[in-house]
Asker: 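Quick one: the structure is below, and I'll ask about it shortly.
Order of the sequence lines fixes the chain letters, A, B, ..., with proteins taken first and strands second; residue numbering starts at 1 for each chain.
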There are 2 protein chains.
Amino acid sequence: MTERRASDAGAPTMRDVAARAGVSAMTVSRVLKDDARVSEASRERVLRAVDALGYRRNETARRLRLGSSGMIVLIVTNLANPFYSRLALGVQEVASEHGLRVVLSNTAEEYERERSAVADFASRQMDGMIVVPAGSNHRHLTPSALRGMPVVLASRPPAGMDADCVLVDDFGGAEEATRQLLADGHRKIGFLGNPPALYTGAERFRGYWSAHEAAGVEPDERHIRRGLADVGTAERAATALLADPEPPTALFCTNNRLTKGAIRAVRTLGRPVALAGFDDFDLAEVLGLPLTIVSYDADEIGRRAAQMLIDRINDRSEAPLPARRTVVPTHVIRYGGAPA
Amino acid sequence: MTERRASDAGAPTMRDVAARAGVSAMTVSRVLKDDARVSEASRERVLRAVDALGYRRNETARRLRLGSSGMIVLIVTNLANPFYSRLALGVQEVASEHGLRVVLSNTAEEYERERSAVADFASRQMDGMIVVPAGSNHRHLTPSALRGMPVVLASRPPAGMDADCVLVDDFGGAEEATRQLLADGHRKIGFLGNPPALYTGAERFRGYWSAHEAAGVEPDERHIRRGLADVGTAERAATALLADPEPPTALFCTNNRLTKGAIRAVRTLGRPVALAGFDDFDLAEVLGLPLTIVSYDADEIGRRAAQMLIDRINDRSEAPLPARRTVVPTHVIRYGGAPA
DNA sequence: CTGTTAGCGCTTTCAC
DNA sequence: GTGAAAGCGCTAACAG
């Protein structure tokens, strides 16, 4: 029957350590923070007690007191897309350098999931969040909705509000790839695009169109398909385009899934068609198809987004930082077309 | 100068809501929990006050009181591998059905990162964790090291301890694929393997060997390479094997990265070589190579692991549940080899 | 250098 | 049905 009041649930508390070391809880706290001036003697005894008891500081309690969770959230639309898993790795890299943990959430492109995740994480006192928004309604991401919790958007820009964001040079990449196809002599370049309501979809289409204008070539509207979502729809769309009496000799695809659909269609067809598209992928070089890929560093998007977020979290100035925007460059890779 | 003591940092607290609704904090708590018997009148007033103030319950404080975080951790070795991002999606799917958030951590196969992540998450009062262990030292995952926090291992079994785990039928899948190659008449089947110290590496090799024994064929040790880590090393190893005066006519690869290396080697060589390997991947069917793939549902591993973990978290029985083990089946897919 | 006091925001317990 | 008191485990702000 001692004075020691260990929590019955098992884990020793700071008090237990203090009692064992013969000091106050405050001294234990200081030792663990590695911060204040504590005598070498006390430090030793505390550390010994910590060890003996197998004590681990309760971060939940600590964070309640400190008023921050030490975690940031990353909300993506589709973790199965390698683009987003790379982005996540970039975020983790920078976050961990700053002692922040990353909580990851997947929305499957569903707005309602995003909204509820955002609300939930706000309740959990997250230090900030990086969001790849699923829709174009960003009401739930406004400063007032989030009570000042910092947000950075990735991949898609803010709509109807101001916020930091990291984008890809969607326009430039699409324009460059299209220009190369035109330079190769293609005059009928089909377009397989994701929904025009998406920023990336709109920008990439704009790039495709702009390259045509610059070359004085008029794209054939009949060879343009937008609003494609996955490999299957892209494959069918490509097959249909290529069955045209005057079929395109090349296809431009706005993302990796659509490119894969187009590849399947071309393989099935057996006739050589030049392919171009966003997002590099494994084994592109062994396909034996003429492939023009717009590539970029997805990790870098994550790293930049995390850095922006951390800058904002650490910002203690009176006047809030103005919203910043950064664009990750693209580059075009050409894979050879050893004819099959 | 009112009695209301709003926290200066901004966010309203339960007290603020209570004051505005003219009730006690307890009543607010009950309404929010949707749990206790509260008069309809009080409920209304509380909800109105919540709305007016834009109040959000502070989960950190709540969790401190409750003694659990409402979050589980998933620690993987390589999120860039689609296998693990699918696994993560499976975990999220089941976790969110149970109102649990998932914190994701990547170890890049480094033991030290894993160890420190585990310790940190234990401090954060996570409700449980799912780990794909990076090494074979699992000391930091023992019940005593974790003070009873539930753990489930995925992909690799526990070493030197007992724990729930979800595995893939590595042996069976490798055996089946090898058997099919043998049935095709191959008698010289090379082996490109990941490190034998890894469970998957050992099991897949065992399956390869077992199929040979069953067929009365002796594998040629000179055609066996183990300890391969990435696409590059696999490509070089495959190239070397195929340069043998009596080269293998088929290659078995223990994972997707090694298969990709082998594909590159075979493409470069130009001579037809049958390929088999673990892990399905996009576009396998359009490569135009004879490809035998051992496939399995990576999401399912995540779902099962999450379910096991939740069972354990919810287990309140005196005698702890015995450690359980479940094996996810594999199936073999054969992609046609339209000769290049 | 060290300890005491107070309280982060919530919920459990126990009265009424 | 409702509220007052107590405290989860920790740390900032003061003393000394």
Asker: If I take atom CG from residue B:Asp164 and atom CG from residue B:Leu153, how far apart are they, to the nearest 0.5 angstrom?
Answerer: 8.5 Å
Asker: Can you check each nucleotide of nucleotides 11-16 of chain D against protein heavy atoms at under 4.0 Å and return B for base, S for sugar-phosphate only, - for none, in 5' to 3' order?
Answerer: BBBB--
Asker: Mind calculating the distance between CZ (B:Arg63) and P (C:dC10) to the nearest angstrom?
Answerer: 13 Å
Asker: Would you please confirm or rule out a distance under 4.0 Å between OP1 or OP2 of C:dT2 and any side-chain N or O of A:Ser39?
Answerer: yes
Asker: Ignoring hydrogens and angles, state whether a donor on the side chain of B:Arg304 or B:Thr326 is under 3.5 Å from an acceptor on the partner side chain.
Answerer: yes
Asker: Closer than 4.0 angstrom, basic N to acidic O: yes or no for A:Asp297 and A:Arg86?
Answerer: no
Asker: Could you state the atom-to-atom distance from CZ of A:Arg45 to P of C:dC1 in whole Å?
Answerer: 16 Å
Asker: Going by an N to O cut-off under 4.0 Å, is there a salt bridge joining A:Glu109 and A:Arg156?
Answerer: yes
Asker: Think A:Thr60 has a side-chain N or O under 4.0 angstrom from the OP1 or OP2 of D:dC10?
Answerer: no
Asker: Tell me whether the side-chain N/O atoms of B:Ser24 come closer than 4.0 Å to OP1 or OP2 in D:dA4.
Answerer: no
Asker: Rounded to the nearest 0.5 Å, what's the gap from CZ on B:Arg62 to OG on A:Ser123? Could you check?
Answerer: 10.0 Å
Asker: What's the CG-P distance between A:Leu64 and C:dT11, to the nearest Å?
Answerer: 12 Å
Asker: Between D:dC8 atom C1' and A:Asp16 atom CG, what is the distance in whole Å?
Answerer: 13 Å
Asker: Under 4.0 Å between a side-chain nitrogen and a carboxylate oxygen: does that hold for B:Asp16 and B:Arg20?
Answerer: no
Asker: What is the distance, to the nearest angstrom, from the CD atom on B:Glu59 to the P atom on C:dC10?
Answerer: 9 Å
Asker: Can you tell me the distance, in whole Å, between the CZ atom of B:Arg15 and the P atom of D:dA5?
Answerer: 11 Å
Asker: Map B:Thr27 and B:Ala61 onto DNA chain D by nearest heavy atom, then report which one ends up closer to the 5' terminus.
Answerer: B:Thr27
Asker: Axis-to-axis angle across the helix from C:dC1-D:dG16 to C:dC16-D:dG1, five pairs an end, to 10 degrees?
Answerer: 30°
Asker: Under the side-chain contact (heavy atoms from CB on, under 4.5 Å) test against A:Arg124, which residue among B:Arg57, B:Arg56, B:Arg63 passes?
Answerer: B:Arg63
Asker: Let me see the working for B:Tyr111 and B:His140 under ring pair (Phe, Tyr, Trp, His ring centres under 6.0 Å), right down to the final yes or no.
Answerer: CA-CA 10 Å; B:Tyr111 175 73; B:His140 57 303; 5.1 Å; yes
Asker: Rounded at 0.5 Å granularity, tell me how far OG1 in A:Thr60 sits from CZ in A:Arg65.
Answerer: 15.5 Å
